[in-house]
There are 2 protein chains.
Amino acid sequence: MELRTLRYFVAVAEELHFSRAAARLGISQPPLSQQIKALEEELGGRLLVRTNRRVALTAAGELFLDEAREVLARAERASRLVSRIGRGESGQLRIGFTTSVPLTPLLPRTLTHYRQRYPDVDLRMHELNSQRQINPLLEGDLDIGIMRPATLPPELSAFTLIREPLVAVVNAQSELGASDTPLSLAELATQPFVYFSPAAGTGLLDQFNVLFAQRGLTPRLVQEVGGPNTIISLVASGLGVSLLPESFRHIHIDNVRYRPISDADARSEVWLTHPRHHLTPQAQHFIQIVCEAIAG
Amino acid sequence: MELRTLRYFVAVAEELHFSRAAARLGISQPPLSQQIKALEEELGGRLLVRTNRRVALTAAGELFLDEAREVLARAERASRLVSRIGRGESGQLRIGFTTSVPLTPLLPRTLTHYRQRYPDVDLRMHELNSQRQINPLLEGDLDIGIMRPATLPPELSAFTLIREPLVAVVNAQSELGASDTPLSLAELATQPFVYFSPAAGTGLLDQFNVLFAQRGLTPRLVQEVGGPNTIISLVASGLGVSLLPESFRHIHIDNVRYRPISDADARSEVWLTHPRHHLTPQAQHFIQIVCEAIAG
DNA sequence: GTTTTTGATATCCTGAAGATATCATTCAGG
DNA sequence: CCTGAATGATATCTTCAGGATATCAAAAAC
């Protein structure tokens, strides 16, 4: 018994006329008669009574009609569900993002567009630092990562979403907090530093180290912390200075002042990272929309 | 998409191994791979990830697995339901019977056996006089009729279940009620008669008329009634005598006495009647069991 | 009685499903 | 790093079920 057989039977049961049913099915009448006959033989019972040039359903046929319709409807539904997932109109999209990402308008705007265009996709946002996005991306637990620059395994691919300057984070009461003018990394490095611990897993730490090392500077770290909000709080309390991407300017805290950095290479990026192959359609659509948001 | 495709997919999803799944399905591996590939193309989405020599289900695949199992289970169920009806193990059996039939042990015994052997058949008993069984039998509203002799249209076929003598029904207080010895039809015909009206539709009336006519007798009908119980009641009240099959001896009513008839041809029959063709399996089984009960 | 309708039957053909052989990739183990 | 086993994909051929065409048979309509 195949779905085709059921479709044929339902057509005959609905038309109660082999020739019309065959026409509706787009086949000729003889094979239809044969298929129904074969179905009855397989089931071991009559489904239709052909008598007095009239076709009628038996009791078994009535029952089987209901069941057949149900089976066909479920099969149809299964097919549609998967098709929708396959076309990215449904299913799931799991995105990892770092703390700083929601501070820029790009991600919120993209999410809004995506949700409008694909309202049936179950969108799951996971706040994770850059390092902690890598394994989930490799293992298929995350479809897309939005992160700071990091060294990626070859299975992952990335492109830059945002380029932004770094800014000095200084206490407003301190010496450096007296002005808003650009500051050099060298000047900043004279102060005690508050920064991420390696365990925080952010790509910013690597950048930070490289920037100062290139200039032969070794800032004195007075406190290693886990997240950017802690950095800003500790700067507010006067513990030291720090260096963060410009996005964090959006965080206004008393006694904290942001000053531009005059060094041209003191810049950071936000990456969109994804498995190099095996991109889900949902992820493809999301990337499409991000790119439109950047371009437009 | 066909049920075969779903069976193949479920096998692969359960084994997570194409070769093993193919072995389980009794086909070779290449066609299985092709079928799954074709299924994915038809659905427009990946169901399985073949990576690192390991096969895994995608999210869509997980969903489709559930759906496919459901569809297969329902198809299986539909098939089993109809098979059971086709084999007569389930479904419906509608039997018509006349008032006198339950008085003999044959029908109750047969019904008990039938119910034991086919407990899932929905057995519907309809008390109907012989005439009123004919149309339902012709139109398929009744599968089997158990009735008194009647003239049947050619589409119906019948055989005799029971042969029994007729007995005189007399009032115990009356002249004829004084003895239990056999009585002749001629003697009985001297008395006022209580009998069925033609509208009652019983085959007994025809027999009654023939029996007396053959002997040149014309009993005086004092009352025409609709059913045998009324006959016996009226005989009990002294209105007249009557003539009924021996089965009615089982009805014991004060002041009613049954006396044998000495005429050898004063006998009646109970027929099992059914459509000559189109016997349902349920009806066939019932007839089988009736015949066993008669033989045994 | 003749014609029309309609499902069944007979026969042939096509294409999809399956078999066999082979390839490509990957991972295990030395 | 190399070799061989494991495993899914690909290529090609074969077979048979499903379908088409032609025809028949029975019943109903005129």
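For clarity, every value in this text was computed on a predicted model and none was experimentally measured. Below, each value reflects all heavy atoms present in this structure, side chains not excepted, and no hydrogens, waters or symmetry copies. Letters A, B, ... mirror the listed sequences (proteins, then strands); counts begin at 1.
Other residues, nucleotides and ligands contribute at most 12 non-hydrogen atoms within 6.0 Å of the CZ atom of A:R132.
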Could you write nucleotides 7-13 of chain C as a row of B, S and -, 5' to 3', where a protein heavy atom under 4.0 Å of any base atom gives B, of only sugar-phosphate atoms gives S, and otherwise -?
BBBB---
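Listed by chain and residue number, A:R24, A:R69 satisfy the side chain to side chain donor-acceptor pair (under 3.5 Å) test with A:E14 (two or more places apart in sequence, or in another chain). For B:T160, the side chain to side chain donor-acceptor pair (under 3.5 Å) partners at least two apart in sequence or on another chain are B:E269. Partners of A:A59 by side-chain contact (heavy atoms from CB on, under 4.5 Å), not counting sequence neighbours: none found. Residues passing the side chain to side chain donor-acceptor pair (under 3.5 Å) test with A:R87 are A:E89, sequence neighbours excluded.
Per the geometry, OH belonging to B:Y8 stands 17 Å off P belonging to D:dG8, to the nearest Å. Taking atom CG on A:L48 and atom P on C:dT6, their separation rounds to 16 Å, with Å as the unit. In this entry the distance linking CD of A:E2 with P of D:dG19 reads 12 Å, nearest Å. Spacing between atom CG of A:L32 and atom P of D:dG19 amounts to 9 Å, rounded to whole angstrom units. In this structure, B:L3 atom CG and C:dA17 atom P are separated by 13 Å, rounded to whole Å. Nucleotide D:dG8 holds its P atom 13 Å from the CG atom of B:L25, rounded to whole Å.
Bending across the helix from C:dG1-D:dC30 to C:dG30-D:dC1, expressed as the angle between its end axes from five pairs apiece, amounts to 30° (10° rounding).
B:I85 and A:A60 get closest at one heavy-atom pair: CG2-CB, 3.7 Å. Considering all non-hydrogen atoms of both residues, B:E67 and A:R77 come closest at OE1-NH1, 3.1 Å.
For B:F97 and B:H126, the ring centers sit 6.0 Å or farther from each other.
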